[in-house]
Colleague: 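Got a structure here, written out as structure tokens. Questions coming.
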Amino acid sequence: MAEKNIFKWPITIYYEDTDVGGLVYHANYLKFFERARTELLRSIGVSQQELFKNKASFVVCHIDMGYLKGARLDEQLIVQTCVETVKKASIIFCQDLVNNAGHALCKATVKVACVNPETMKPTAIPQFIMSEISK
């Protein structure tokens with residue numbers, strides 16, 4: 001991941017995240033990435049409640065994910081997130097889960113669409129988000 005506006009979110013791997021072998025269960029990587037995207041928005045002043053007030057919500061519409069090496073119980077890792085592409089009603093994020101040595105354990109490209117939560121139809125990303133996320 002290029003060093004361009006990377007948002008870093010630390011995580012610790014807990015027992016509840018792992019399978020019987022002490023490795024992170026595959027579906028939990030999605031949770032780590034989701035939380036990091038939410039915290040990236042929060043870091044620029046966007047809360048989920050504020051989105052709803054503006055009749056906007058983000059839904060994942062596509063994920064491309066690669067598992068490179070299993071994360072283990074008690075590891076302290078970083079989810080790195082950057083915005084790759086912003087369009088009128090969608091954002092593509094690149095996300096890596098890395099260890100302290102900077103080696104990627106899992107990588108994902110996630111496309112989210114902005115929808116009106118009442119109609120679930122696509123809607124333009126609110127301007128207050130566009131101005132912050134495009135920086």
Side-chain angles (χ1 to χ4, degrees):
M1 180 177 292
E3 284 290 327
K4 60 171 187 174
N5 296 328
I6 296 175
F7 176 78
K8 296 181 181 184
W9 184 251
I11 62 161
T12 299
I13 305 302
Y14 296 104
Y15 187 74
E16 67 187 25
D17 300 320
T18 64
D19 60 19
V20 71
L23 291 174
V24 169
Y25 182 68
H26 70 278
N28 288 332
Y29 292 92
L30 294 169
K31 293 178 183 181
F32 303 153
F33 291 148
E34 175 72 29
R35 291 174 190 157
R37 290 191 309 275
T38 297
E39 295 303 330
L40 182 153
L41 289 174
R42 191 185 318 272
S43 77
I44 61 171
V46 179
S47 73
Q48 298 301 318
Q49 296 301 325
E50 188 174 359
L51 280 173
F52 285 131
K53 286 179 191 173
N54 283 279
K55 294 189 178 175
S57 182
F58 288 111
V59 296
V60 172
C61 58
H62 184 83
I63 295 176
D64 183 18
M65 199 151 104
Y67 301 96
L68 307 172
K69 184 178 179 186
R72 297 187 171 277
L73 180 64
D74 289 331
E75 283 188 301
Q76 295 185 355
L77 306 171
I78 303 284
V79 178
Q80 298 179 347
T81 304
C82 71
V83 175
E84 181 179 287
T85 307
V86 179
K87 294 188 176 177
K88 181 179 178 182
S90 66
I91 303 171
I92 297 176
F93 295 94
C94 290
Q95 296 186 274
D96 294 347
L97 179 66
V98 300
N99 61 20
N100 290 332
H103 297 115
L105 307 179
C106 185
K107 292 177 170 274
T109 302
V110 181
K111 182 177 182 180
V112 298
C114 188
V115 298
N116 179 316
E118 295 170 5
T119 65
M120 294 308 291
K121 297 203 184 271
T123 188
I125 297 169
Q127 188 55 45
F128 69 96
I129 296 174
M130 289 294 271
S131 61
E132 291 296 321
I133 203 96
S134 298
K135 289 182 181 178

Colleague: Rounded to the nearest 0.5 Å, what's the gap from NZ on K111 to SG on C61? Could you check?
Modeller: 5.0 Å
Colleague: If hydrophobic clusters are built from ILVMFWY residues whose side chains come within less than 4.5 Å, do L41 and F52 share one?
Modeller: no
Colleague: Got a donor-acceptor contact below 3.5 angstrom from the N116 side chain to the M120 backbone?
Modeller: no
Colleague: Is there a side-chain contact between T18 and I13, using heavy atoms and a 4.5 Å cut-off?
Modeller: yes
Colleague: Suppose the criterion is side-chain hydrogen bond (donor to acceptor under 3.5 Å, both in side chains): which pairs have a residue in residues 42-54, not counting sequence neighbours?
Modeller: E39-R42
Colleague: So, for A36 and V79, which heavy atoms are closest and what is the spacing to 0.1 Å?
Modeller: CB-CG1, 3.4 Å
Colleague: Output the distance between atom OG1 (T109) and atom CD (E84), rounded to the nearest 0.5 Å.
Modeller: 6.0 Å
Colleague: Heavy-atom distance under 4.5 Å between the side chains of C106 and M65, does that happen here?
Modeller: yes
Colleague: Side chains of C82 and N5: closer than 4.5 Å at any heavy-atom pair?
Modeller: no
Colleague: What pairs meet the ring pair (Phe, Tyr, Trp, His ring centres under 6.0 Å) rule with one or both residues in residues 11-43, with sequence neighbours excluded?
Modeller: Y29-Y67
Colleague: Tell me the closest heavy-atom pair linking A56 and C114, and the distance in Å.
Modeller: CB-SG, 3.8 Å
Colleague: Do you reckon V59 sits in the same ILVMFWY cluster as L30, going by side-chain contacts under 4.5 Å, direct or chained?
Modeller: no
Colleague: Do the side chains of F58 and L51 get nearer than 4.5 Å, heavy atoms only?
Modeller: yes
Colleague: Once side chain to side chain donor-acceptor pair (under 3.5 Å) is applied, do any residues pair with R72, and if so which ones, sequence neighbours excluded?
Modeller: none
Colleague: Keeping the roles fixed (side chain from N28, backbone from D17), state whether a donor-acceptor pair exists under 3.5 Å.
Modeller: yes
Colleague: Could you state the interatomic distance from OG (S57) to CD (E118), rounded to the nearest 0.5 Å?
Modeller: 11.0 Å
Colleague: Would you give the length of the straight line joining atom NZ of K8 to atom CG of L77, rounded to the nearest 0.5 angstrom?
Modeller: 13.5 Å
Colleague: Rest of the hydrophobic cluster containing L68 (Ile/Leu/Val/Met/Phe/Trp/Tyr, side-chain heavy atoms under 4.5 Å)?
Modeller: none
Colleague: So do I133 and L40 actually touch side chain to side chain, heavy atoms under 4.5 Å?
Modeller: yes
Colleague: With a 4.5 Å cut-off on side-chain heavy atoms, are V46 and F128 touching?
Modeller: yes
Colleague: Hey, are the side chains of F93 and V83 touching, using non-hydrogen atoms and a 4.5 Å cut-off?
Modeller: yes
Colleague: List the residues meeting side-chain contact (heavy atoms from CB on, under 4.5 Å) with V60, not counting sequence neighbours, and say none if there are none.
Modeller: E34, R37, I63, V110, V112
Colleague: Is I11 close to L97 at the side-chain level, that is, under 4.5 Å between some pair of heavy atoms?
Modeller: yes
Colleague: Using 0.5 Å steps for rounding, measure from the CD atom of Q80 to the CD1 atom of I6.
Modeller: 5.0 Å
Colleague: Quick one: does D96's side chain have a donor or acceptor within less than 3.5 Å of a partner on V98's backbone?
Modeller: no
Colleague: Using side-chain contact (heavy atoms from CB on, under 4.5 Å) as the criterion, list what pairs up with P122, not counting sequence neighbours.
Modeller: none
Colleague: Between V115 and K121, does the side-chain contact (heavy atoms from CB on, under 4.5 Å) criterion hold? Intermediate values first, please.
Modeller: CA-CA 5 Å; V115 298; K121 297 203 184 271; over 6 Å; no
Colleague: Which is it for L73 and L23 under the side-chain contact (heavy atoms from CB on, under 4.5 Å) test, yes or no, and what are the steps along the way?
Modeller: CA-CA 6 Å; L73 180 64; L23 291 174; over 6 Å; no
